[in-house]
Every structure is written in structure tokens, then in C-alpha cells.
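Let me begin by presenting the structure, written as C-alpha cells, before commenting on it.
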Amino acid sequence: MGDVELLLILLVVGGLIALVATRGRGRGTSAQSQLGDAEAEARRWYERLGGQVLNLVGSDEPSKQALADAAERYTAAGSQLDQATSAPQYRLVSDTALEGLYYVRAARTAMGMDPGPELPGSAERARAGELASTSEVDVDGRSVTGSPQPSAQNNHYYPGGMVGGRPVPAGWYSEPWWKPMLLGGVGAFGGMMVASALFSGFGAAAVGGSALAGSAFAGDGGGGFDPGMDPGMDPGMDPGGFDGGGFDGGGFDGGGFFDGW
């Protein structure tokens, strides 16, 4: 083999090594960039939630309760942020903080304040819809009510989403019956009983994407839900976020939400 051929082989091999190294650096840079973006997004939502929680004081029971729930999400988001080391974990922080901002928005509405800019939605919240009228169901001798507006009776807000695999519309309820289902444990079955009664009793009291009469909650495509819930289902859900599917933390801040708050 001549010197020229050997030189050509060395140049080709050197070029291939350089190409592989460049692509490896590119992939590393891209992953690092995604991680940095996710962290920055999480911190923006967390700080905005903190600004609201630390500066707002409830004026009545509904607003005080909603702000207490927002503060709970702020604490949870802070704990998640301290432990986050990956883009998915930072997106979970964004999910939790955003959920807290839904409670803040509810509290501001209850106090007659401007709720502020609309928050990013999700497919699950769109499917669940929101309560359009006050409704009541009886569960083992106790009354559970829900309403689109806060009141002394309905002072527990839920921002809408999936609970135990079922869509629960946004609105104000007489009790936070969904919490045992979200946290799991022995109290989950009681929450499932309430959920079953609500799904069958509230009927078309919710409006959402489809708002079809006869469906248990609007947005289910009109087919309705089986009011019976399987007691053997696993009610445990991540307490870091009510909305099991989560939100896309990658693009929440593009429009500058809450910059004016």
C-alpha cells in the first residue's frame, strides 16, 4: 500500500471519528438545553405561585380554603424542585405549581378580584368540563353539593381533572371528597362512593367540550359513565399533582402568563 493510499485511509478514519464526536457533543448539548429549559420553566411557575400565595389573604371561607390549597401545592412544588434532576421531574414541578395557580385564580374570583390571565389547559380538564349549575346528591345519608360559584356551603374548589380514572368537573363542592382518592389509603373507598353517586346523580350539570345531556359529566363523548366503581381499583395517585396526565411544562411561559401579577 502506497503512502498516498495510507494517507487517504487515515483522513477518512479521522473524519469519521470527528463526525461521531461532534454528533455526541450535539446530543449532549441538546439534552442539557432541554434540562435547562425545563428547570427554568419550573422555577418561573413556582416563583409566580409563591408571589400569589405570599401576598394574598382570603376574605371569606371559600377564598381562604382555596389559598390554603394553593399554599399546599406551593410547598409540594418546592419539595419537588429541590429533588428534581431531570426534565420530567422539572415538568412535574411545573404541573404542581400550575395547579396551585388554578386555586389562586379561584380564590381571586371568590373575593371579587380580577382572576388574571387564563391558564394553560389540558385535555383532561377539557374532558372534565366545569359545573354549570348547583346540584346535590345523597351518599349514605349525607348530602354532597357542587356549584359553579363559591358559597358558605360550597367552599372547596377543585380545578377539574381525573380522579380515580373518572373526570371530575371544575367547581366548588361542599367537601373535598376527592382528596382520599388522590392520596389512597383507607379513606379512598369513601371517596369512591361519593364519586359514584356524583357521576350518576349530577347528570348534565357539567359543561365542557361536548356538554351532552345524559352523559355523567360533559366531555365524555355522550356515552356516559358506569356509576359503579370497582372497589378493587388502585386509588393511589401521585399527590404531587391531581391531574394524573400532567401538563406540558415545556411551553407554558411562551405567552408571558402572570407577568402582570
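Listed here is the closest heavy atom pair of L98 and W45: CD1-CZ3, 4.0 Å. Closest approach of T109 and P115 over heavy atoms only: OG1-CB, 3.6 Å. In this structure, Q89 and Q83 approach most closely via the heavy-atom pair OE1-O, 3.9 Å. Contact record, L49 with V104: CD1-CG2, 3.9 Å, taken as the closest heavy-atom pair. Between H156 and W178, the closest heavy-atom pair is O-CH2, 3.8 Å. What you find for Y102 and Y157 is that their closest heavy atoms are O-CE2, 3.9 Å.
A donor-acceptor contact shorter than 3.5 Å is absent between the side chain of S147 and the backbone of W172. For R108 (side chain) and M113 (main-chain N/O), no donor-acceptor pair under 3.5 Å exists by modelled atom type. At distances below 3.5 Å, not a single donor-acceptor pair connects side-chain atoms of D82 with backbone N or O atoms of S79.
Rounding to the nearest 0.5 Å gives a distance of 5.5 Å between CE of M111 and CG of L67. Summarising the geometry, atom NZ belonging to K64 is positioned 13.5 Å from atom CG belonging to L56; distances are rounded to the nearest 0.5 Å. The CD atom of E99 sits 7.0 Å away from the OH atom of Y158 when rounded to the nearest 0.5 Å. Atom CZ in R48 sits 14.5 Å away from atom CZ in R43 (nearest 0.5 Å). In this structure, the separation between CG on N154 and CD on E61 is 12.5 Å, given to the nearest 0.5 Å.
Here the options are R91, R73, Q80, the test is side-chain hydrogen bond (donor to acceptor under 3.5 Å, both in side chains), and the partner is T96; only Q80 passes.
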**Study point:** Q32/L35 under side-chain contact (heavy atoms from CB on, under 4.5 Å): CA gap, chis, key distance, verdict
**Key:** CA-CA 5 Å; Q32 190 65 32; L35 178 62; 4.2 Å; yes

Exercise for review: Carefully, step by step, assess E118 and R105 under the rule side-chain contact (heavy atoms from CB on, under 4.5 Å).
Suggested key: CA-CA 9 Å; E118 290 288 341; R105 184 178 174 84; 3.0 Å; yes

Practice item. Dump the intermediate steps for side-chain contact (heavy atoms from CB on, under 4.5 Å) on D69 and Q65, then the final yes or no. Key: CA-CA 6 Å; D69 289 332; Q65 182 60 57; 3.4 Å; yes

Check your understanding: Do Y90 and T85 pass the side-chain contact (heavy atoms from CB on, under 4.5 Å) test, and can you show the C-alpha distance, the side-chain angles, and the key distance before you say yes or no?
Key -> CA-CA 7 Å; Y90 282 119; T85 57; 5.9 Å; no

Check your understanding: Between D60 and S63, does a side-chain hydrogen bond (donor to acceptor under 3.5 Å, both in side chains) hold up when you go through it step by step?
Key -> CA-CA 6 Å; D60 56 15; S63 60; 2.6 Å; yes

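Between P159 and Y103, the closest side-chain pair of non-hydrogen atoms falls below 4.5 Å.
Under 3.5 Å, the side chains of S94 and E41 contain no donor-acceptor pair of N or O atoms.
If you look at Y74 and Y46, their ring centroids are closer than 6.0 Å.
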